[in-house]
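What follows is a set of notes on a single structure, which appears directly below.
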Amino acid sequence: MNKLIFIFTAAAMGFTSFGAPLDKKNVAGDAQWLAHMDFENLKETKMGTFLLARLREEIAENNDSSISIDVGLVAEKLYSLTAYGSGISEDPQKNSVLIVKTGDRARSIIDGYLATLEMKTNGKSEVKRLDDKAHDTYLVGNEVYATFLEDDVWVSSKSYEQIEKAQRVIEGGIKNIEDSDSRLMRADEPGFFFLATVEGFDAIADMTAQARVLQKAQGGRFALGEQGDMF
C-alpha cells in the first residue's frame, strides 16, 4: 500500500512540465501554510534535470506492481502542484489539501491505469472508486481521497471535507488569500520553481526545545530558483 501511495505522490510531484504559476484564488483565505512548485521553470534547470532523473529511478525501484508507468506520457499531462493547510499544530494532514492541475487527457490516462490495476488484482485494488460523491472520487489505500472536480483539476486530501472546502474556494464561495487579510503572500517571489510560506509559528504548542526559537517568529518564506549556474 505504501509503495502504491508513493507512486501516486511521486507522479503528482515529479513528472510535470507546465506553465501554471501559483493561482492565489485557489488557496483558502484561512490557510496558514502553502507550498507551490513551478515545474515549467524547474524543467529548464540543472537541478530539475537531476531531480527528474532521480525520480524516474525511484519510481522504477518502488513500483512493485506488474503495471508500468509511462513517465514521458505523464510528464506531458500534469501541469501544476499547490498544497496548503489551515493548521500547523493539530492533525495537519487532515487540515491540508493538494491541488493538481493537468491537461484534459490526464483523467483518461489515470482512469485507464486504475482499470488495468483493477483487472490485474482481480478486483482487490487498493484504489477504490466511491460512487456516493458529487464528483469522481477515489480512495487510495483507505487513507487518501482523490477527486476530479474537472477533467483538468484533481484535488486530494486525507479529509473529504477539505476537498469540499477547496472546491468552494475555487468556485468563489469561500474567501481566498487574495480577498482576505492573509499574510502568507506579502509579496510575489519572481523566478522561483519552489515556494513555501507559513504563518503562526508563535501559536504552535508543545514545540521541541530545539525549535523554540521559531516561537519568536510569526512566519517565514522559503524559495528556490536557478539563474545561470547559480542555484
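Quick caveat: nothing in here was measured; it's all calculated off a predicted structure.
- Not a single salt bridge (charged side-chain N to carboxylate O under 4.0 Å, His left out) links Asp179 to another residue, sequence neighbours left out.
- Residues satisfying the salt bridge (charged side-chain N to carboxylate O under 4.0 Å, His left out) criterion with Glu171, sequence neighbours excluded, are absent altogether.
- Here the side chains of Lys101 and Trp154 are not in contact, with every heavy-atom distance at 4.5 Å or above.
- Heavy-atom minimum distance, Val144 versus Ser156: CG1-OG, 3.1 Å.
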Intermediate values then yes/no, side-chain contact (heavy atoms from CB on, under 4.5 Å), Leu34 and Val198: CA-CA 7 Å; Leu34 74 85; Val198 61; over 6 Å; no
Run the side-chain contact (heavy atoms from CB on, under 4.5 Å) check on Arg129 and Tyr138 step by step: do they pass? CA-CA 4 Å; Arg129 180 170 179 145; Tyr138 300 91; 3.6 Å; yes
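- Listed by chain and residue number, Leu130, Asn142, Tyr145 satisfy the side-chain contact (heavy atoms from CB on, under 4.5 Å) test with Leu139 (two or more places apart in sequence, or in another chain).
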How far apart are the C-alpha atoms of Val140 and Glu126, what are their side-chain angles, what is the distance that settles it, and do they pass the side-chain contact (heavy atoms from CB on, under 4.5 Å) test? CA-CA 6 Å; Val140 183; Glu126 292 174 341; 6.0 Å; no
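- The CZ atom of Arg168 sits 4.0 Å away from the CD1 atom of Ile174 when rounded to the nearest 0.5 Å.
- For Arg54, the salt bridge (charged side-chain N to carboxylate O under 4.0 Å, His left out) partners two or more places apart in sequence, or in a different chain, are Glu57, Glu58.
- Proximity of Asn26 to Val169: side-chain heavy atoms (C-beta onward) are nowhere separated by under 4.5 Å.
- Side-chain contact of His36 with Thr82: a donor-acceptor pair under 3.5 Å is present, judged by distance alone.
- Ser157 and Ser96 get closest at one heavy-atom pair: OG-O, 2.7 Å.
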Trp33 and Glu199: side-chain contact (heavy atoms from CB on, under 4.5 Å), yes or no, with the steps? CA-CA 6 Å; Trp33 65 268; Glu199 289 287 343; over 6 Å; no
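- Residues Thr45 and Phe193 have side chains in contact (heavy-atom distance under 4.5 Å, counting atoms from C-beta outward).
- With sequence neighbours excluded, the residues forming a salt bridge (charged side-chain N to carboxylate O under 4.0 Å, His left out) with Asp229 are Lys46, listed by chain and number.
- Here Asp152 pairs with Thr102, Glu150 under the side-chain contact (heavy atoms from CB on, under 4.5 Å) rule; sequence neighbours left out.
- The side-chain heavy atoms of Ile99 and Tyr84, taken from C-beta on, include a pair separated by under 4.5 Å.
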Side-chain donor/acceptor pairs under 3.5 Å, residues 158-166, sequence neighbours excluded:
unit_1 : atom_1 : unit_2 : atom_2 : d
Lys158 : NZ     : Gln93  : OE1    : 3.1
Ser159 : OG     : Glu161 : N      : 3.3
Ser159 : OG     : Glu161 : OE1    : 3.1
Ser159 : OG     : Gln162 : N      : 3.4
Lys165 : NZ     : Asp30  : OD1    : 3.1
Lys165 : NZ     : Asp30  : OD2    : 2.7

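- Other residues, nucleotides and ligands contribute over 12 non-hydrogen atoms within 6.0 Å of the NZ atom of Lys133.
- Taken to the nearest 0.5 Å, the CZ atom of Phe222 stands 10.0 Å off from the CG atom of Leu195.
- No side-chain heavy atom of Asn176 sits less than 4.5 Å from a side-chain heavy atom of Lys24.
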